[in-house]
Participant: 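Structure below; questions to follow.
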Amino acid sequence: MKEITHDLLSSFRAPAFPGSFFLSFEGIEGAGKSTQIANLKKYLETEKNYRVLVFREPGGTAFGEKLRQAILDTKTEITPLAEAHLFASSRSQLISEVLLKELAVPNTIIICDRYLDSSLVYQGHARGLGVAEVLDIHNIFPLNLVPHLTFYLRIGVETSEARQKIRNAPKDYFEAKGIEFYKKLIIGYDLIHELFPHRIIKIDAEKNIDHINQEILQTIENLLSARVDQIDE
Ligand code: T5A
């Protein structure tokens, strides 16, 4: 496996659009990403007067939604390399077709439900392709654009299972991979938190919904007042 060098990490930057911000949420299944994104969107729109757009990955464009279905509904095993390229294709289309155009509109906040870090953790770490290999795939514009801030909602495997049970939906391609896979995901997320310690904010998402929401809002307040364009350098 390749080495993760400082040069490689430093080629990933947040997009520089004055007054606009790009955020993402990460975590294993059931971490509470959709729940917290909905709360944050409401707050930013009503209390801060931002124009807030939410996208999910894979997806966010017509092409991306087709890829989402193709990947998550597949019953046959895809290689980790193929997975990584499929997610990167969806991401590349989302950035070019939507994100860059929308971020150019002042006072916009884009929130992505999963982004690059999902590929680093799922394909790079848990599926064994290698984190450096996945970073390499993304080491080209515009795939090398990363959010200003990423909220990693950290829960344990048991909590993930319990929350999935409540939802009671059929398991998709990754959900069906079982408990050992989920353990690897948690290690993977902790690893990429170490790689991008300023961009990725780790939050204990075992706590209740309001507590987590308050922690997120506090961090967002700091970002909005600092108006930092490039955090991880
Ligand atoms: N993938 C994706 C890759 O492998 N590589 C990539 O590059 C990308 C982009 C996408 C799959 O694709 C993989 C990763 C995934 O396997 P998905 O369906 O988009 O899958 O994402 P999921 O993570 O599966 O979405 P979930 O809906 O399961 O998780 P959320 O959004 O984190 O959780 P949420 O908010 O829906 O909450 C789940 C339940 O828990 C409750 C909620 O009310 C809900 O019932 N809940 C809480 N309960 C108690 N306390 C809290 N704090 C709670 N927060 C939420």
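For this chain, numbers begin at 1 and follow the sequence in order. All heavy atoms count here, side chains included; hydrogens, waters and symmetry mates do not.
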Participant: In this structure, which one of Asn39, Ile203, Leu217 forms a side chain to side chain contact (heavy atoms under 4.5 Å, CB included) with Ile212?
Facilitator: Ile203

Participant: Are any side-chain N or O atoms of Gln93 and backbone N or O atoms of Thr61, one a donor and one an acceptor, separated by less than 3.5 Å?
Facilitator: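 Not at all, since once roles are kept as given, no pair shorter than 3.5 Å links the two residues.
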
Participant: What pair of heavy atoms forms the shortest contact from Ala132 to Leu8, and how long is it?
Facilitator: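 In this case the closest contact between Ala132 and Leu8 is O-CD2, 4.0 Å.
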
Participant: I'd like to know if Val105 and Val52 are part of one continuous hydrophobic network [Ile/Leu/Val/Met/Phe/Trp/Tyr, side-chain heavy atoms within less than 4.5 Å].
Facilitator: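 Val52 and Val105: separate clusters.
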
Participant: Can you tell me how far CG of Leu143 sits from CG of Leu116, rounded to the nearest 0.5 angstrom?
Facilitator: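 Between atom CG of Leu116 and atom CG of Leu143 there are 8.5 Å.
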
Participant: Rounded at 0.5 Å granularity, tell me how far OG in Ser119 sits from NE2 in His138.
Facilitator: 4.5 Å

Participant: Verify, without hydrogens or angle tests, whether Asn213 (side chain) and Leu40 (backbone) share a donor-acceptor contact under 3.5 angstrom.
Facilitator: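 Checked: no pair found.
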
Participant: Between Phe22 and His148, does the ring centre distance come in under 6.0 Å?
Facilitator: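 No, ring centres 6.0 Å or more apart.
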
Participant: Would a single hydrophobic cluster contain both Leu195 and Ile187, if residues Ile, Leu, Val, Met, Phe, Trp and Tyr are joined by side-chain heavy-atom contacts under 4.5 Å?
Facilitator: no

Participant: Can you give me the closest heavy-atom contact between Tyr152 and Ile186, atom names plus distance?
Facilitator: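 Looks like OH-O, 4.2 Å.
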
Participant: So how far is it from Glu26 CD to Leu120 CG, rounded to the nearest 0.5 Å?
Facilitator: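 The CG atom of Leu120 is 8.5 Å from CD of Glu26, to the nearest 0.5 Å.
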
Participant: What are the two closest non-hydrogen atoms of Ser160 and Ile28, and how far apart are they?
Facilitator: CB-CD1, 3.6 Å

Participant: Using a distance-only test with no angle check, is there a side-chain donor-acceptor pair under 3.5 angstrom linking Glu45 and Tyr50?
Facilitator: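 Short answer, no.
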
Participant: State, without any angle test, whether Ser11 and Asn139 hold a side-chain donor-acceptor pair at a distance under 3.5 Å.
Facilitator: yes

Participant: Give a yes or no answer on whether the side chain of Thr150 reaches the backbone of Ile200 with a donor-acceptor pair at less than 3.5 Å.
Facilitator: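 No: the side chain of Thr150 does not pair with the backbone of Ile200.
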
Participant: Are side-chain heavy atoms of Tyr173 and Asp73 found at a separation under 4.5 Å?
Facilitator: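 No; the side chains remain at least 4.5 Å from each other.
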
Participant: Apply side chain to side chain contact (heavy atoms under 4.5 Å, CB included) to Leu44 and Leu224, showing your working.
Facilitator: CA-CA 10 Å; Leu44 290 168; Leu224 298 184; 4.1 Å; yes

Participant: Can any side-chain N or O of Glu133 pair as donor or acceptor with the backbone N or O of Lys2 at less than 3.5 Å?
Facilitator: yes

Participant: Can you establish whether the number of heavy atoms outside Glu65 located under 6.0 Å from its atom CD is more than 12?
Facilitator: yes

Participant: Mind checking whether Lys171 and Lys177 have side chains closer than 4.5 Å, heavy atoms only?
Facilitator: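 A side-chain contact under 4.5 Å is absent here.
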
Participant: Between the side chains of Glu57 and Ser90, is a donor N or O closer than 3.5 angstrom to an acceptor N or O?
Facilitator: no

Participant: Decide side chain to side chain contact (heavy atoms under 4.5 Å, CB included) for Asp204 and Arg154; before the verdict, give the C-alpha distance in whole Å, the side-chain angles of both, and the deciding distance to 0.1 Å.
Facilitator: CA-CA 5 Å; Asp204 178 0; Arg154 191 184 197 280; 6.0 Å; no

Participant: Does any N or O in the side chain of Lys33 come within less than 3.5 Å of the main-chain N or O of Gly27, such that one atom is a donor and the other an acceptor?
Facilitator: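 A pair under 3.5 Å: yes.
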
Participant: When you measure from the side chain of Gln69 to the backbone N and O of Lys66, does any donor-acceptor pair fall under 3.5 Å?
Facilitator: no

Participant: Do Glu221 and Lys48 sit within salt-bridge range, that is, some charged N less than 4.0 Å from a carboxylate O?
Facilitator: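 The answer is yes: the pair qualifies as a salt bridge.
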
Participant: Side chains of Glu29 and Gln164: is there a donor and an acceptor less than 3.5 Å apart?
Facilitator: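 No, Gln164 and Glu29 have no side-chain donor paired with an acceptor closer than 3.5 Å.
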
Participant: Just checking Glu77: does its CD atom have more than 12 heavy atoms from other residues, nucleotides or ligands closer to it than 6.0 angstrom?
Facilitator: yes

Participant: So is Arg91 actually on top of Tyr115's ring, under 6.0 Å and inside 45° of the axis?
Facilitator: yes

Participant: Using modelled atom types only, decide if a donor and an acceptor are shared between the side chain of Gln36 and the backbone of Ile209 within a distance under 3.5 Å.
Facilitator: yes

Participant: When you compare the side chain of Asp113 with that of Ser34, does any pair of heavy atoms fall below 4.5 Å?
Facilitator: yes

Participant: Taking atom CD of Gln123 and atom CD1 of Ile78, what is their separation to the nearest 0.5 Å?
Facilitator: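 The CD1 atom of Ile78 is 9.0 Å from CD of Gln123, to the nearest 0.5 Å.
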
Participant: Evaluate the side chain to side chain contact (heavy atoms under 4.5 Å, CB included) criterion for residues Met1 and Leu129: first the C-alpha distance (whole Å), next the side-chain angles of each, then the deciding distance (0.1 Å), finally the verdict.
Facilitator: CA-CA 8 Å; Met1 253 177 233; Leu129 181 59; over 6 Å; no

Participant: For the residue pair Thr159 and Glu206, confirm or rule out a side-chain donor-acceptor distance under 3.5 Å.
Facilitator: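 There is such a pair (donor and acceptor under 3.5 Å, judged by atom type) between the side chains of Thr159 and Glu206.
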
Participant: Would you give the length of the straight line joining atom OH of Tyr43 to atom CD1 of Ile220, rounded to the nearest 0.5 angstrom?
Facilitator: 9.0 Å

Participant: Would you call the rings of Phe174 and Tyr122 parallel, tilted or perpendicular, where under 30° means parallel and over 60° means perpendicular?
Facilitator: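 Judged by the thresholds at 30° and 60°, the geometry between Phe174 and Tyr122 is perpendicular.
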
Participant: Any non-hydrogen side-chain atom of Pro58 less than 4.5 Å from a side-chain atom of Phe63?
Facilitator: no

Participant: Before giving the answer on salt bridge (charged side-chain N to carboxylate O under 4.0 Å, His left out), spell out for Lys202 and Asp190 the whole-Å C-alpha distance, their side-chain angles and the decisive distance to 0.1 Å.
Facilitator: CA-CA 9 Å; Lys202 181 154 70 168; Asp190 287 343; 3.2 Å; yes

Participant: Is it possible for you to check whether Lys184 lies under 6.0 Å from the centre of the six-membered ring of Tyr182, through NZ or CZ, and within 45° of that ring's axis?
Facilitator: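 Lys184 over Tyr182 ring: no.
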
Participant: Are Pro18 and Pro106 side-chain neighbours, meaning at least one heavy-atom pair lies under 4.5 Å?
Facilitator: no

Participant: May I ask you to test the Ile111-Leu53 pair for a side-chain heavy-atom distance under 4.5 Å?
Facilitator: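 Ile111 does not reach Leu53 side chain to side chain.
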
Participant: Are the side chains of Ile71 and Phe87 in touch, meaning some heavy atoms are under 4.5 Å apart?
Facilitator: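 A side-chain contact under 4.5 Å exists here.
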
Participant: Check Ala126 against Leu185 and note the closest heavy-atom contact, atom names and distance.
Facilitator: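 Scanning both residues completely, I find the closest heavy atoms to be CB-CD2, 3.5 Å.
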
Participant: Of all heavy-atom pairs between Ile216 and Phe151, which one has the smallest distance, and what is that distance?
Facilitator: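 Heavy atoms only, the tightest pair is CG2-CZ, 3.8 Å.
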
Participant: Thinking salt bridges, do Arg199 and Asp117 make one under a 4.0 Å N-O criterion?
Facilitator: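 So Arg199 pairs with Asp117 through a salt bridge.
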
Participant: Which heavy atom of Ile95 sits nearest to which heavy atom of Pro142, and what is that distance?
Facilitator: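 Here Ile95 and Pro142 meet closest at CD1-O, 3.4 Å.
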
Participant: Under a 4.5 Å cut-off applied to non-hydrogen side-chain atoms, are Cys112 and Leu94 in contact?
Facilitator: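 Side-chain contact under 4.5 Å: yes.
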
Participant: Counting only heavy atoms not in Ile140, do more than 12 sit closer than 6.0 Å to its CD1 atom?
Facilitator: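 Incorrect, the count does not exceed 12.
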
Participant: Short question: side chain of Ser10, backbone of His6 - any donor-acceptor pair under 3.5 Å?
Facilitator: yes

Participant: Name the orientation class of the two ring planes belonging to Phe12 and Phe196 (parallel below 30°, tilted from 30 to 60°, perpendicular beyond 60°).
Facilitator: perpendicular

Participant: Going from CD1 on Ile192 to CD1 on Ile4, what distance comes out if it is rounded to the nearest 0.5 angstrom?
Facilitator: 10.0 Å

Participant: Is it true that Glu102 and Arg51 make a salt bridge, defined as a side-chain N closer than 4.0 Å to a carboxylate O?
Facilitator: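 The answer is yes: the pair qualifies as a salt bridge.
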
Participant: May I have the step-by-step check of side chain to side chain contact (heavy atoms under 4.5 Å, CB included) for Glu83 and Val134, ending in yes or no?
Facilitator: CA-CA 10 Å; Glu83 283 173 25; Val134 177; over 6 Å; no

